[in-house]
Every structure is written in C-alpha cells, then in structure tokens.
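Here's the structure we're looking at; comments come further down.
Nothing here was measured: the structure is a model prediction, and the numbers come from that model.
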Amino acid sequence: MASLSLVLTGCTTLQNVPLPVSPGDAVAVHLGDQVKVQRRDGTALAFQVTNIEPDTLAGQNVTVHYADLTTLQVKRVSALRTGGAIVGAVVLVMLVVGVSGGFAVSLP
C-alpha cells in the first residue's frame with residue numbers, strides 16, 4: 001500500500017494558471033490546492049491555499065498579492081502519468097510473477 005501511495009505521488013504535475021488581470025477576476029485555484037508562485041523580486045514560495053481574495057492568495061503564514069507575482073502554478077493530478085504508473089506497476093508484477101515461476105498450487 002505504501003508503494004502505491006509513492007507511485008501516485010509521482011502522478012502530479014505543476015500546471016501554469018493565468019494570473020488575474022484585475023481584482024475580482026476569477027483565478028483557477030481552489031481552497032486546499034498546492035501552489036507554487038514566483039514573485040517579481042525573484043523569490044519562490046510553495047504553499048497550500050487556505051484563503052482566496054479578489055487581490056490576494058493566502059496560505060499558512062503567507063499572503064501574496066496577484067500583482068506581485070510573475071507565475072502561479074497549481075499541482076494537479078496528471079491522468080497520463082497516473083495511467084502510465086498503473087500500467088507500469090501491473091507489467092512489473094506480471095514480470096516478477098513470470099520470472100519466479102508464477103504461483104504454483106500442488107494438488108494431492
């Protein structure tokens with residue numbers, strides 16, 4: 001089960017999200033999303049969104065104004081990576097079972 005969670009953790013990707021042009025514009029970020037932002041001063045922050053305002057985005061101990069950002073990325077689950085990981089895991093199990101001779105049952 002732990003290996004499955006490790007595989008699925010690798011199935012996420014950062015997607016660029018357009019920054020709002022003016023206060024009140026919709027932003028494609030939701031409460032609970034993991035985001036990575038790049039500020040105009042060159043600093044980068046990564047945090048979980050706890051509050052969304054018309055001109056700011058906030059996480060625990062961090063508030064950023066959209067006007068101060070150059071990029072905004074949201075961590076999303078990638079269907080392609082998830083599907084590939086599942087297919088890869090199934091193939092790996094089949095190879096291991098095939099190399100080890102499979103599951104043998106002896107009948108009396």
Side-chain angles (χ1 to χ4, degrees):
M1 189 59 120
S3 61
L4 178 61
S5 66
L6 290 175
V7 168
L8 293 179
T9 301
C11 298
T12 58
T13 184
L14 285 173
Q15 295 180 347
N16 288 325
V17 173
L19 291 165
V21 177
S22 60
D25 285 353
V27 63
V29 176
H30 303 94
L31 291 176
D33 280 350
Q34 294 289 331
V35 297
K36 182 177 179 184
V37 299
Q38 180 81 33
R39 291 183 175 167
R40 294 190 187 282
D41 67 6
T43 59
L45 299 168
F47 58 92
Q48 183 174 6
V49 177
T50 58
N51 193 20
I52 302 170
E53 296 293 329
D55 61 344
T56 60
L57 197 58
Q60 186 173 352
N61 302 321
V62 62
T63 299
V64 293
H65 294 274
Y66 297 125
D68 295 336
L69 302 179
T70 58
T71 60
L72 171 60
Q73 297 177 310
V74 179
K75 188 180 282 190
R76 303 270 192 231
V77 173
S78 169
L80 183 60
R81 286 185 182 185
T82 302
I86 291 170
V87 169
V90 168
V91 168
L92 181 62
V93 168
M94 290 172 59
L95 286 173
V96 169
V97 169
V99 168
S100 67
F103 295 106
V105 177
S106 60
L107 299 173

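Applying the salt bridge (Lys or Arg N to Asp or Glu O under 4.0 Å) test to every pair with at least one member in residues 26-36, sequence neighbours left out, gives these pairs: D33-R76.
Residues satisfying the side-chain contact (heavy atoms from CB on, under 4.5 Å) criterion with D41, sequence neighbours excluded, are R39, T43. For N51, the side chain to side chain donor-acceptor pair (under 3.5 Å) partners are E53, not counting sequence neighbours. Residues passing the side-chain contact (heavy atoms from CB on, under 4.5 Å) test with Q38, sequence neighbours excluded: A44, T70, T71. In this structure, the side chain to side chain donor-acceptor pair (under 3.5 Å) partners of D25, at least two apart in sequence or on a different chain, are S22.
Across all non-hydrogen atoms, the minimal contact from Q73 to L14 is OE1-CD1, 3.7 Å.
In the hydrophobic clustering, F47 connects to V17, L19, V27, V29, L31, V35, V37, L45, V49, I52, L57, V62, V64, Y66, L69, L72, V74, either directly or through intervening members, whenever side-chain heavy atoms lie under 4.5 Å apart.
In this structure, OG1 on T63 lies 10.5 Å from CG on D55, to the nearest 0.5 angstrom. A distance of 6.0 Å separates OG1 in T56 from NE2 in H65, rounded to the nearest 0.5 Å.
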